[in-house]
Amino acid sequence: MTRFILAIVAILASIIGALTGVGSGIVLKTFYDLFNAGNVLAIGFYSTVMVFTMCIVSTLKHIRQGFKFDLPFLISISLGSVFGGYLGNILLNIAANGVPEKRVKLIQSCILFITLIYLTIYTRKSTKTTKLPNKNWILAFPVGIFLGALSIFLAIGGGPLNVSLLVIIFHFSMKQSSIYSIATVFFSQITKIISIIATSQYKIFDMKMIPLLIVASIIGSYIGTVWNQKISSNKLEGLYTIFMIAITTVTGFNVVHFI
């Protein structure tokens with residue numbers, strides 16, 4: 001029954017992730033913490049599997065619909081995410097092995113809570129500007145490192161951070177940000193998957209959850225991508241703001257709970 005509930009959460013998370021570009025990991029991480037569905041490393045692993053699957057489905061569907069990426073920019077920010085993801089995974093393992101689990105979850109929730117409040121406010125302000133997108137591939141690399149490291153350490157996939165910083169720093173529209181975000185998150189998760197397989201860390205997790213999460217991600221990401229392609233950027237902006245407020249509220253509750 002627990003696995004069924006978590007699979008339903010995974011479907012909803014993938015729909016939201018593919019629709020708004022925030023990635024499904026932050027939804028999974030927040031609610032799994034709420035339900036105490038696993039330890040820090042397990043939640044991070046489940047999040048990675050689901051986000052990786054969601055990104056593949058969503059990105060392929062956008063490409064088939066004719067969306068064209070700026071390759072130098074995408075490659076630069078994605079390579080940065082790969083390096084950042086490696087650093088973030090090292091930090092997460094150090095924290096998980098050297099600090100009590102409840103304290104790690106509290107640190108993650110506090111950082112996420114503060115970050116979400118900041119990004120929600122500044123993303124809202126930035127979407128009101130009419131500046132042209134600045135696809136600076138040199139700046140994209142260090143931004144990718146920061147995004148990859150923080151997203152893997154927090155076990156959230158990185159979507160909300162990606163979307164917000166693409167809007168704030170590079171002046172992308174909300175729809176452009178959502179698509180680039182998903183493509184970038186894909187690369188940041190590769191590092192963690194390779195690391196988990198190489199160290200055989202996956203053996204300590206409940207592998208029966210993986211098929212459920214993959215199927216849930218495929219279903220949810222397909223639905224979310226179809227909706228993303230049909231709605232306007234303005235409506236997407238409103239949905240993104242509502243989602244960020246909701247996740248910030250639940251994260252705040254988790255902070256109080258872990259304290």
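Along the sequence shown, residues are numbered consecutively beginning with 1.
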4.5 Å side-chain heavy-atom contact, [X] and [Y]:
X: Cys110; Y: Leu106; answer: yes
X: Gln108; Y: Leu92; answer: yes
X: Phe73; Y: Leu166; answer: yes
X: Phe141; Y: Ile77; answer: no
X: Leu74; Y: Trp137; answer: no
X: Ile15; Y: Trp227; answer: yes
X: Lys135; Y: Tyr180; answer: yes

State whether the number of non-hydrogen atoms from other residues, nucleotides or ligands found under 6.0 Å of Tyr222 atom OH is greater than 12. no

Tell me the closest heavy-atom pair linking [X] and [Y], and the distance in Å.
X: Ala95; Y: Phe153; answer: CB-CE1, 4.2 Å
X: Ala216; Y: Ile11; answer: CB-CG1, 3.4 Å
X: Ile245; Y: Thr249; answer: O-OG1, 2.8 Å

Side-chain heavy atoms nearer than 4.5 Å, only ILVMFWY residues, links allowed to pass through others: does that put [X] and [Y] together?
X: Ile111; Y: Val256; value: no
X: Ile138; Y: Leu71; value: no
X: Val167; Y: Ile242; value: no
X: Ile114; Y: Phe146; value: no
X: Ile168; Y: Phe170; value: yes

Side chain to side chain donor-acceptor pair (under 3.5 Å) between Ser221 and Ser58: does it pass, once the steps are laid out? CA-CA 6 Å; Ser221 57; Ser58 185; over 6 Å; no

To the nearest 0.5 Å, what is the distance between [atom1] on [X] and [atom2] on [Y]?
X: Thr59; Y: Arg64; atom1: OG1; atom2: CZ; value: 12.0 Å
X: Ile214; Y: Ser14; atom1: CD1; atom2: OG; value: 11.0 Å
X: Leu91; Y: Leu150; atom1: CG; atom2: CG; value: 10.0 Å
X: Ile223; Y: Ile16; atom1: CD1; atom2: CD1; value: 12.0 Å
X: Leu112; Y: Ile117; atom1: CG; atom2: CD1; value: 10.0 Å
X: Lys230; Y: Thr225; atom1: NZ; atom2: OG1; value: 12.0 Å

Pair Lys61, Val226 - check side-chain contact (heavy atoms from CB on, under 4.5 Å), show working. CA-CA 8 Å; Lys61 187 158 181 58; Val226 170; 3.4 Å; yes

Using the side-chain contact (heavy atoms from CB on, under 4.5 Å) definition, which of the options Val49, Thr53, Ile56 pairs with Ser217? Thr53

Say whether, by atom type as modelled, one donor and one acceptor occur between the side chain of Asn97 and the main chain of Asn93 under 3.5 angstrom. yes

